[in-house]
Each structure stands twice: as C-alpha cells, then as structure tokens.
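Report on the following structure.
Within every chain, numbering begins at 1; the chains are lettered A, B, ... in the order of the sequence lines, protein sequences first and strands thereafter.
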Protein chains: 2
Amino acid sequence: MLTHAAEDYLKSIYKLQEKGGKVSTGILAEYLDVKPASATGMIKKLKTMKLVRYERYRGVTLTAAGKTVALEIIRHHRLLELYLFKALGVPWDGVHEEAEKLEHVISEDVEARMDEFLGYPTADPHGAPIPDKNGVVIQTDSVPMTELQDGQSCVVAEVSDSDSALLRHIGSFNLYPGTAFRVVEVAPFEGPFTIDIAGQEVVIGREVAKHIFVDKVEDPDNV
Amino acid sequence: MLTHAAEDYLKSIYKLQEKGGKVSTGILAEYLDVKPASATGMIKKLKTMKLVRYERYRGVTLTAAGKTVALEIIRHHRLLELYLFKALGVPWDGVHEEAEKLEHVISEDVEARMDEFLGYPTADPHGAPIPDKNGVVIQTDSVPMTELQDGQSCVVAEVSDSDSALLRHIGSFNLYPGTAFRVVEVAPFEGPFTIDIAGQEVVIGREVAKHIFVDKVEDPDNV
DNA sequence: AAATAAATTTAGGCATAACTAAATTATATC
DNA sequence: GATATAATTTAGTTATGCCTAAATTTATTT
Ligand SMILES: [Mn+2]
Ligand SMILES: [Mn+2]
Ligand SMILES: [Mn+2]
Ligand SMILES: [Mn+2]
C-alpha cells in the first residue's frame, strides 16, 4: 500500500499537470509546502514504483498507473466533500480540510456507499468534477469570471476550494455553483465587476473574480 | 498533537485496565500486536507527556489526562461504528475495521454532527457504551452468556467486536444487542447452549457464548 | 565564452515507530 | 538461598518522510 504522503504527491502532480503543463520539483515542493529536496526524494521513490516518469532537472509526469492512483484519491476527496456537505451539513468552507485527511483512509466500500447515497454525483460542493469509479473525469469549458464582458449572463460552474476565508466570502454573495447572474458593469482599469444575482446588485473585486469560474449562457432577456 | 500510534496505545491501556486490572508491558504489546520492546518505548514517551504513570517492571496506568484522551478516541470509534452502520449501511462486521482508521482523523465538528444525526446515542452496534462528549461512560452489569442457567431469560447487551467472522456468525442467529432469548438447555461437561429466540431453537457453542454478554430478565412466562 | 543567477540534487540529520538480540530484573522452584 | 524460567528493558537497526546546507547543473546575461 502507498503511504499518505505518496498519495498526496501523486494527487498534486496530477493537479499541477492539469493546470500548467510541466511539473518541476520546485513547483511541486511549493504546492505541497515542503522543501525541494524533500520533493526530489519522494519523486525518486515514486519512480522506483513506476508511478511517475522522471529525469533529473527535467520535471515529473504521471505514468498511467500513477494517474489511476491520483484520480482515485481525488475521487475520494470530492465525494467526501459532497458527502460531508449534504449528509452532515458541514459548511462548504470546512469540507476541504476535513476531506484532506479522510481521503487516505476510507475503504472502497464506504466510497461506493457514499456515491450511492449521493446519487452518483458528478461535481463536489465547489463545482469540481468527481471522477467516476473508473477514473473518467467530465471535462468542462468554464472560463474565469474575469474574462466576462458587460451584459454577459452566466452560471457559476466552479470555485477555488482551498482558501476557507475566500469561500465564506463568496458564499456570502450566494455565488454557489449553479447560481445564475448577469454582468451589469465591468469598471475600467482592471476595476471590479458589478453583477446582478436574482435582482440584487453586488460588486465583486477582481481578486475574488479570479477564483470564480462560469459557464456563459445566452441572456434570456435578449432572446 | 498526538500521533495515531500514541492514541492507539492510550486506548488499549484503557481497555485493558477496564478488563483486567494491572496492565503489563507484555499484555499491552500482545494486545497491540507489537513486540514488548516497542511497547516499552512508547510507554516511556507517554510518560514524558504525563499521559501515563509508569515504573519499570511495575506496569502502566493512565493519568487523568491520559484517560481523557483514551475516552475521546473510544468515543470517536464507537460513534463512527454506529454512524457507518445506520447512515451508510456498512454491515456490523465491517464497521470496526473502518472506524479503527477513521477515529484518529475526524474533527470535533464532524463528531458532533454524527452525534446529533444519531440522536445522542449511548451504545455502538455491538452494544458497547459510547462515552458522552465529557467522557462519561454508562456502566452496565451484563454477564457473559456462559454464566447462564437453564430456563434463564435475557437480552443481548453486548458482543465482542474485533473478530469479523465471529460477528457474522453471531449475526446469522440474530443475536444483536437488544435481542431477547431464553436458555432452553445447557449441555453438561462444558457443552453448548440451546436457546430459544422468538420461537426458534438454536445451539450456541461455548466459544461463541464467551463473546456474548447479556442482561438477565425475569421470564415473562413465570410471572 | 565567462560569469552570474536560479533551480535542483546530494549528503548528512532528526523524529517516529517499528524490529531483533542481548542484558537485566523479577518470580517461582527446589 | 541458589538456580531456573519468564518478563521486561536496553541497545542497536531499519524504514519513512521531513529538514538544512553544500554541491551541482541548467539557464540567462554580459
Ligand atoms: Mn477508492
Ligand atoms: Mn472541492
Ligand atoms: Mn472528539
Ligand atoms: Mn464496536
């Protein structure tokens, strides 16, 4: 069996690979809040287990086996987040931290039972896709809110999940995944966004908007 | 924070203290399936943390602080067992293993939410008492089934929880906590018990009976 | 083509938690 | 009271996963 640390490294490599592309030792170390030397050590261990491809100074890539493990852990994490949210009422800014510990510890049986309880869901409370039990992930084409223009209507697709305070802030505007809104005005010179949510106008700063991803929709008023 | 291993040692010392009385290094090591030398090492560490009293060759005892930790972990374990059983339908012979890992990892918040969901329960699926959030445990005076005489009526109070195969076997007779039965016959020379459960007669061997604890009740037929 | 800066690796340590083997202490027996 | 047996402790080893500091390699300037 893999250690918790090894699972966290694989999960992180997967996520960085998705976002950026090349995953360097330094990037990985920063992401995991360890020193680069520690990352080198683990990477070598993962290589002997054939979970990553690696050549020194060249960065890491997951092998098929490594990707399978990474997706398995991500599946645990996101199912747990949704389960804690829906079944136990844990607030959406608390589920991430909790799931971070539980993801390494639940059995396949409990995973399957949560999945069934939740009706085989495809997204966690922050809108991130939950890989299915075969590791298949639904790809979305959502865009950062910062790319929106005046008058654009859209629906919140996903929100960054690791900063608890930011989540509470976003939650205070009701900007949960699935919530629809329309951009009323984008202030010039990198200014804030004024948006209309169910008739209420609120102002969202750029720093917050960066962490909100949306799906564009045709404005119903313009049909 | 305490390590998982330290928590397991404290929990085990508590349980052995309850059962037997004096907890020796050897007994503790056997219970935890480690070598006596390993137990000595951990005991010393726990002593520096003032969680146990200890003098070499004299056995260990929990301090008040140590007992608090032990009860906290036992509370997690038993709440988790009941939660997995009732909320997710995990079979009663599977909950122990699962809870053994989760008990070290759940937050106080999740503990409180499970407690509320379950309606502040006082016993786990095997009948073991769940300490309340202040560490108060309800004491029971149940007796091993092996002490019963012919004709005695009783209710199952508790069943040993660590052997999964034994639990499945006991479950096949419906001998869950709360189930009433009457002893029809105790075969001589350390023989098996014939009992009547809701009109069905079944035969229970002594080895199994040792692991079933009951509360005696007056036989309704004899009132 | 050097020199400098940045990234990465190697080397050496530390803490935890297990192990084995040998030494010590306690208990039981004659 | 000496001796054998059993229990326990000490000492030394291993593995994981982290650290710091120094050495090495790669990338960027001049
Ligand atoms: Mn799984
Ligand atoms: Mn999430
Ligand atoms: Mn607790
Ligand atoms: Mn139990």
If I take atom [atom1] in residue [X] and atom [atom2] in nucleotide [N], what distance separates them, rounded to the nearest angstrom?
| X | N | atom1 | atom2 | answer |
| --- | --- | --- | --- | --- |
| B/Y31 | D/dA7 | OH | P | 20 Å |
| A/L32 | D/dG17 | CG | C1' | 12 Å |
| A/M42 | D/dC19 | CE | P | 11 Å |
| B/I43 | C/dT16 | CD1 | C1' | 16 Å |
| A/E7 | D/dG17 | CD | P | 11 Å |
| A/Y57 | C/dT8 | OH | C1' | 4 Å |
| B/E55 | C/dT25 | CD | P | 15 Å |
| B/M49 | C/dA15 | CE | P | 14 Å |

* Cationic N near anionic O, under 4.0 Å, B/E147 to B/K216 ->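 Salt bridge absent between B/E147 and B/K216.
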
Establish, with yes or no, whether the OP1 or OP2 oxygen of [N] is under 4.0 angstrom from a side-chain nitrogen or oxygen of [X].
| X | N | value |
| --- | --- | --- |
| B/Y9 | C/dA18 | yes |
| B/S38 | C/dA17 | no |
| B/S24 | D/dT8 | yes |

* Around A/E18, counting heavy atoms of other residues, nucleotides and ligands shown, do more than 12 lie under 6.0 Å from its CD? ->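 Result for CD/A/E18: enclosed.
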
* Heavy atoms from other residues, nucleotides or ligands near NZ of A/K15 exceed 12 (cutoff 6.0 Å) ->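 Yes.
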
* Measure the shortest side-chain to side-chain distance between A/M114 and A/L80 over non-hydrogen atoms and say whether it is less than 4.5 angstrom. => yes

* Asked: Which part of the nucleic acid, if any, lies within reach of B/T25 when heavy atoms closer than 4.0 Å are counted: base, sugar-phosphate only, or nothing?
  -> sugar-phosphate

* To do: Tell me what A/A37 touches on the nucleic acid: a base, only sugar-phosphate, or nothing, going by heavy atoms under 4.0 Å.
  =>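 The answer is base, as A/A37 lies within the cut-off (heavy atoms under 4.0 Å) of a base atom.
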
* Structure fact -> On DNA chain D, more 5' by nearest nucleotide between B/K22 and A/H4 is B/K22

Taking the side chain of [X] as its heavy atoms from C-beta onward, which of [options] lies nearest to it?
| X | options | value |
| --- | --- | --- |
| A/R56 | C/dT10, D/dT10, D/dT26 | C/dT10 |
| A/K35 | D/dT10, C/dT20, D/dT20 | D/dT20 |
| A/T3 | D/dG17, C/dA7, C/dA17 | D/dG17 |
| B/K45 | D/dT10, C/dA17, D/dG17 | C/dA17 |

* A/E81 and A/H96: side-chain donor and acceptor closer than 3.5 Å? ->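 Side-chain D/A pair, A/E81 to A/H96: present.
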
